[in-house]
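Working notes for the structure below.
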Amino acid sequence: GIISLPENVARWAYELYRPNGTVVSQSVRDQLLNSFSGTRVPSWAGLDETYGYFAAKRSFELADSTIITAYGHPGGGGGYVSLLRYSPELDLSISILANSEMSFKGSCTGEKPTNCMASAIFSAYSASGDR
């Protein structure tokens, strides 16, 4: 019986991963952010991420060719898809929740649609100057 809206999930990522987040101590956050292995999940699996303690770390290339890091977790299966990401460079968290497996890639060739959308959101936010 737990229901989360995208706003709740994005707030969770923001408070979990940002340097002054409120849901865990700085010591626990340091352990989380230093837990990522150097081994990447192979791109043939549809992912290009490293994993740590129940979290993923991924680089995104923005429209202006800037590379940012984002922490979070991809999810989905069984008729839905989700994505949670926080970028320390942008101090922005995003959440994508869909009641579809999003198998249509459209212009996101070679990339999972959720990661493609995340990159577009990060790029638009970065270009907007709202930081």
Q | Gap separating the CG atom of L92 from the CZ atom of R18, nearest 0.5 angstrom | A | 13.0 Å
Q. About how many Å separate OG of S82 and CG of N99, when rounded to the nearest 0.5 Å?
A.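 It comes to 12.0 Å.
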Q) Picking from V9, I96, T114, what satisfies side chain to side chain contact (heavy atoms under 4.5 Å, CB included) with L84? A) V9
Q | From V24, T22, V28, residue fulfilling side chain to side chain contact (heavy atoms under 4.5 Å, CB included) relative to L16 | A | V24
Can you tell if the side chain of [X] reaches within under 4.5 Å of the side chain of [Y], non-hydrogen atoms only?
X: S95; Y: W12; result: no
X: L83; Y: V81; result: no
X: N115; Y: R85; result: yes

Side-chain donor-acceptor pairs of residues 61-68 under 3.5 Å, sequence neighbours excluded:
| residue | atom | partner | partner atom | Å |
| --- | --- | --- | --- | --- |
| D64 | OD1 | T66 | N | 2.9 |
| D64 | OD1 | T66 | OG1 | 2.7 |
| D64 | OD2 | T66 | OG1 | 3.2 |

Q.
Can you give me the closest heavy-atom contact between S93 and R11, atom names plus distance?
A.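 Shortest heavy-atom contact: OG-N, 4.4 Å.
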Q.
Restricting to non-hydrogen atoms, name the atom on F36 and the atom on A55 that form the minimum distance, rounded to 0.1 Å.
A.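 F36 and A55 have their closest heavy atoms at CE2-O, 3.5 Å.
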Q | Side-chain donor or acceptor of S35 paired with backbone N/O of L32 under 3.5 Å | A | yes
Q.
Name the residue from Y17, Y86, Y125 that meets the side chain to side chain donor-acceptor pair (under 3.5 Å) definition with D91.
A.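 Testing each of Y17, Y86, Y125 against D91, the sole residue satisfying side chain to side chain donor-acceptor pair (under 3.5 Å) is Y86.
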Q.
Is there a continuous path of hydrophobic side-chain contacts, each under 4.5 Å between heavy atoms, that joins L90 to Y14?
A. no
